[in-house]
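Being a predicted model, the structure only gives us computed values, none of them experimental.
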Amino acid sequence: MPNLSHKFLPKDPTSRIWWIFSIGAIVSTVGVFCSPLFYQIENYGVRDWDQQLFYYGSVLKSIFEYGQVPLWNPWYCGGSVLFQHPLVPIVSPVYILEPFLGLLLAMKLTIAIHYALALFGLTLVATKIYKLSNILSIILASTTFVFSSYLSLRVAEGHSWVLTAAYIPFVYLGFEIYLTQKRFGWLVFAAISLSLVVWAGGIYPAPLTALFLSLYALLKSLIERDSAPIRALVLLGLYSFLFSAPKLIPIADYMWEYPRIAMDREYVPPAAWFDIFFGREQSLLIDWKEADGSTPEAPRMIWGWIEYGCYVGISLSILLFVAFFRTTSLPQRSTFRTVNLTLLICWFAFFILFVGDFAEINPYRILKQFPVVGSLHVTGRFLIILMFLSSLILMGFLWQVQLKYGEKRLFKFGLPLICILIVSDVMWVGAKPLREAFTIEPEAFENVTKNVVRTNSPYQMIVNLPSYGSFSNMYAALNANLAIFHGLTVQPQCYEAIHPRLGYEITRPLIFSPEPNTSISNIRFTPNQVSFDVDARDNTVLVLNQNFARGWTFSEGKTVVIPFKNKPSVNIKAGHYRDVSFYFQPDSLWLGLALFAIGILAVVIQFQSRKR
């Protein structure tokens, strides 16, 4: 194959044949890499996969079973936000595939789709920005981002938010082309791509991408002595904010009330670097220790190996090392020189952030003082951008190699062989976590709810369930049409870091009154709305047995919902009430929709003005 491939590989990225061949290569490569997900197609996921399937399942249940917008999630912890939850995807291929394939298979296919999207996005970057024409060299450069074990370890753990990293190449593509061509459509494309990260639950990729673009634009402005990158960044940030506002504004509204500040001191010591980037044992089961069998005192690596493992291999690292020193020294167009130098500086900046608290005062600790970033934790997650930058730097280097040696016989024969050997090595190690991800047999999943005594109520809350092998059992409960109060199998508690203050009482009905002489009947349950009838002889208090969060409203006139022991409640006068209801609808959603409409209108006006 290496001896013949140079004759048969299409060479013109502007031709239809090149793209047909390249898409075939992308699909085939990703298909091989993701095939372990489908070895036991009915198996459920380990670790956090139960929680992730629960999020998707709650959205689907609200939409298809109840015909409601997925605003409130009554099925765990006594009720929590759904649409406003930063980890809950509102846009995902899962929702399109699930009616035809079921949630489990839809989720596995979605993983493969996002791997393909990541590789396709980098292919677009390689052809449109770096002018690479050899699909094998493009896949080689993309390997650090797409096939390193960092993404696969997170996928295997059940951190489905990492899939949104697949949209980062599209954000960069639109931003960079806008800077060079000043075509407004590409800026809109970048803004849509970044807002899609937010809509899809990219709680870490979204702020990390924004941080990267901010640093990139600032450095480029300083190097070029031109404010155009900063102006482009402002426009990109504005349009991204407007396009994601219906999701982002409600999230901010909720997180303001229930902040999650993570200020742990974290440090990745040099002793771990070799195992992180070159260790071939990349597995969910690794418990990393330093050579003497201990871990240093805080600050230290305080999380599991899945937060740090990132195999790229020695061969690819050598290639990247050469690219560091050659990418700015070889003769090239000034535009590429600026881009490559900017990317190199960004790479070293993100590597320093990845190392973390190496000194009392350090860039990571300073960054943690800013809003939003203070809620993020785990320095290993900077590897998302670090690996993306590595792919871009490799593309710049391979473009120079292609330009200088592209017609030489050694290049034509040697490049395919090098690509196959290096990419195969990284894929083999990187795919191992995927082989460990879905190993729970369906019988174990189904058996945990068999002994639950059912009631006729459409809303039945249970305290907990036995473990079936995952860290939680929330999806197992939801799949059996049950709500679950705890959900964590390791210890009896709510398996959620950003839930409202707990007020739900397991011994109380869905609607109750602490006052005598109040009769409540005909309770009708839906996720966002609970309706009922009331006969009150005296002025009384009505309480919805769910956790309180801003957004609960009562249907009767101007009655204000207030917290009663962390539950929504209202004070009503004596009388007979029919078909009254508590319903959840956060006001911040309307603000978000208004801003989204403004964004769409602004884009339409811009396009129209540019046509004149």
Side-chain angles (χ1 to χ4, degrees), residues 51-99 103 106 110 160-161 164 192 195-203 241-258 458-459 474-475 478 481 483 496 498-500 510 523-532 544 546-555 561 568 579-600:
Q51 183 187 37
Q52 301 305 315
L53 291 176
F54 173 79
Y55 290 151
Y56 286 100
S58 299
V59 172
L60 289 163
K61 193 177 184 71
S62 294
I63 295 172
F64 291 109
E65 189 171 328
Y66 291 96
Q68 294 183 342
V69 177
L71 298 177
W72 183 255
N73 191 340
W75 293 294
Y76 83 128
C77 293
S80 184
V81 294
L82 189 56
F83 192 93
Q84 292 174 273
H85 197 300
L87 280 174
V88 173
I90 301 301
V91 176
S92 172
V94 167
Y95 302 130
I96 299 173
L97 297 172
E98 192 276 341
L103 181 54
T110 295
S160 62
W161 56 260
T164 60
I192 292 173
S195 64
L196 188 58
V197 179
V198 177
W199 281 100
I203 188 172
F241 170 74
L242 293 174
F243 293 159
S244 61
K247 174 72 170 172
L248 194 59
I249 295 296
I251 288 175
D253 176 42
Y254 178 71
M255 296 293 289
W256 182 266
E257 183 73 13
Y258 304 102
Y459 181 74
M474 298 185 296
Y475 180 62
L478 183 74
N481 199 30
E496 176 54 69
I498 48 177
H499 60 73
L510 197 53
I523 299 174
R524 284 97 64 198
F525 164 81
T526 62
N528 299 337
Q529 181 172 330
V530 179
S531 303
F532 52 96
L544 172 65
Q546 293 280 284
N547 299 324
F548 178 84
R550 284 202 311 261
W552 281 108
T553 309
F554 192 65
S555 60
V561 176
D579 197 27
V580 294
S581 59
F582 286 96
Y583 60 93
F584 185 76
Q585 191 177 83
D587 293 336
S588 53
L589 177 61
W590 298 109
L591 175 58
L593 289 171
L595 291 172
F596 179 79
I598 291 172
I600 297 297

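Between L103 and Y475 there is a side-chain heavy-atom pair separated by less than 4.5 Å. You'll find the side chain of F54 reaches within 4.5 Å of the side chain of W75, heavy atoms only. Side-chain contact between P99 and F64 is present, with heavy atoms from C-beta onward closer than 4.5 Å. Taking the side chain as every heavy atom from C-beta outward, N73 and V88 never approach each other to under 4.5 Å. N481 is listed as a side-chain neighbour of E65, based on a closest heavy-atom distance under 4.5 Å. The side-chain heavy atoms of W590 and Q585, taken from C-beta on, include a pair separated by under 4.5 Å. Residues P89 and V94 are not in side-chain contact: their nearest non-hydrogen atoms beyond the backbone lie 4.5 Å or more apart. Counting heavy atoms from C-beta outward, Y76 and S58 have side chains that stay 4.5 Å or more apart.
Taking both residues in full, the closest heavy atoms of V561 and F554 are given as CG2-N, 3.5 Å, listed atom of the first, atom of the second, then distance. Closest non-hydrogen pair, A245 versus P250, comes out as O-CD, 3.4 Å. Closest of all the heavy-atom pairs between P86 and I251 is CA-CD1, 3.7 Å. Considering every non-hydrogen atom in both Y459 and P74, the closest pair reads OH-O, 2.5 Å. Here the closest heavy-atom approach between residue L71 and residue P586 is recorded as CD1-CD, 4.4 Å. The shortest non-hydrogen separation linking W199 to P246 is CH2-CB, 3.5 Å.
In this structure, N528 contributes its side chain and W72 its backbone to a donor-acceptor pair below 3.5 Å. In terms of modelled atom types and a separation under 3.5 Å, the side chain of N547 and the main chain of S80 share no donor-acceptor contact. A side-chain donor-acceptor contact under 3.5 Å links S555 to the backbone of S581. The main-chain N or O of D253 is found under 3.5 Å from a side-chain atom of R550 such that the two form a donor-acceptor pair. K247 contributes a side-chain N or O that, together with a main-chain N or O of H85, makes up a donor-acceptor pair within less than 3.5 Å. S92 contributes no side-chain N or O that, together with a main-chain N or O of Y95, makes up a donor-acceptor pair within less than 3.5 Å.
The residues D579 and R524 are annotated as salt-bridged, a charged nitrogen and a carboxylate oxygen being separated by less than 4.0 angstrom.
Here the CD1 atom belonging to I192 is positioned 9.0 Å from the CG atom belonging to L196, to the nearest 0.5 angstrom. Here CD1 of I203 is found 6.0 Å from CE of M255. Values are rounded to the nearest 0.5 Å. To the nearest 0.5 Å, atom CD1 of residue I249 and atom CG of residue L242 are 9.0 Å apart. Here the OG1 atom belonging to T110 is positioned 9.0 Å from the CD1 atom belonging to I96, to the nearest 0.5 angstrom. Note that the CG atom of L544 and the CZ atom of F584 stand 11.0 Å from one another [nearest 0.5 Å].
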One pair to check against side chain to side chain contact (heavy atoms under 4.5 Å, CB included): F532 and V580. What are the steps and the verdict? CA-CA 6 Å; F532 52 96; V580 294; 3.5 Å; yes
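Between the side chains of Q51 and Y55, at least one donor-acceptor pair of N or O atoms lies under 3.5 Å. If you check the side chains of Y583 and Q68, you find no donor sitting under 3.5 Å from an acceptor. A donor-acceptor pair shorter than 3.5 Å cannot be found between the side chains of W552 and Q546.
With Y66 as the aromatic partner, K61 does not meet the cation-pi criteria of under 6.0 angstrom to the ring centre and within 45 degrees of the ring axis.
Applying the ring pair (Phe, Tyr, Trp, His ring centres under 6.0 Å) rule to F548 yields no partners; only residues at least two apart in sequence or on another chain are considered.
A perpendicular orientation is assigned to the rings of F596 and F243, their planes being inclined by more than 60° (bins at 30° and 60°).
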